[in-house]
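When reading the values below, keep in mind they use all heavy atoms of this one structure, side chains included, and skip hydrogens, waters and symmetry mates. FYI, the numbering just counts along the sequence from 1.
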Amino acid sequence: MTTGSRSVTEACRAARDAFHFLSSLDTEVKDACLEDLAARIEAAKDQILAANADDLDAGREEGLSEALLD
């Protein structure tokens, strides 16, 4: 499985590196980042839900069980 053109291993390494970087930041900076991320997610909510619906439809077409889709 890949994320874009990166392997899962590369994505995990990037996440680890980001964790180490973010853990060195002041609380105020981390809070501002989290608030920005929350605002971006809220702004993209309709797109996220539509993509999720597409994924569920594709899973059903592939014969995935409702337990896996849940």
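- The hydrophobic cluster containing I48, built from Ile/Leu/Val/Met/Phe/Trp/Tyr side-chain heavy atoms closer than 4.5 Å, also comprises I41.
- When the shell of 6.0 Å around CZ of R16 is examined, it contains more than 12 heavy atoms from other residues, nucleotides or ligands.
- Other members of the cluster containing F21 are L22, L25, V29, with ILVMFWY side chains joined at under 4.5 Å, either directly or via other members.
- Listed by first and then second residue, the side-chain hydrogen bond (donor to acceptor under 3.5 Å, both in side chains) pairs involving residues 47-56 amount to none (not counting sequence neighbours).
- With values rounded to the nearest 0.5 angstrom, S23 atom OG is found 7.0 Å from H20 atom NE2.
- A pairwise comparison of heavy atoms in L69 and L56 identifies O-CD2, 3.6 Å as the closest pair.
- Closest approach of E10 to S7, counting heavy atoms only: OE1-N, 2.8 Å.
- Closest of all the heavy-atom pairs between R6 and A14 is NH1-CB, 3.5 Å.
- With respect to the salt-bridge test (charged N to carboxylate O, under 4.0 angstrom), the residues D17 and R13 do not qualify.
- Atom CD of E28 sits about 11.5 Å away from atom SG of C33, to the nearest 0.5 Å.
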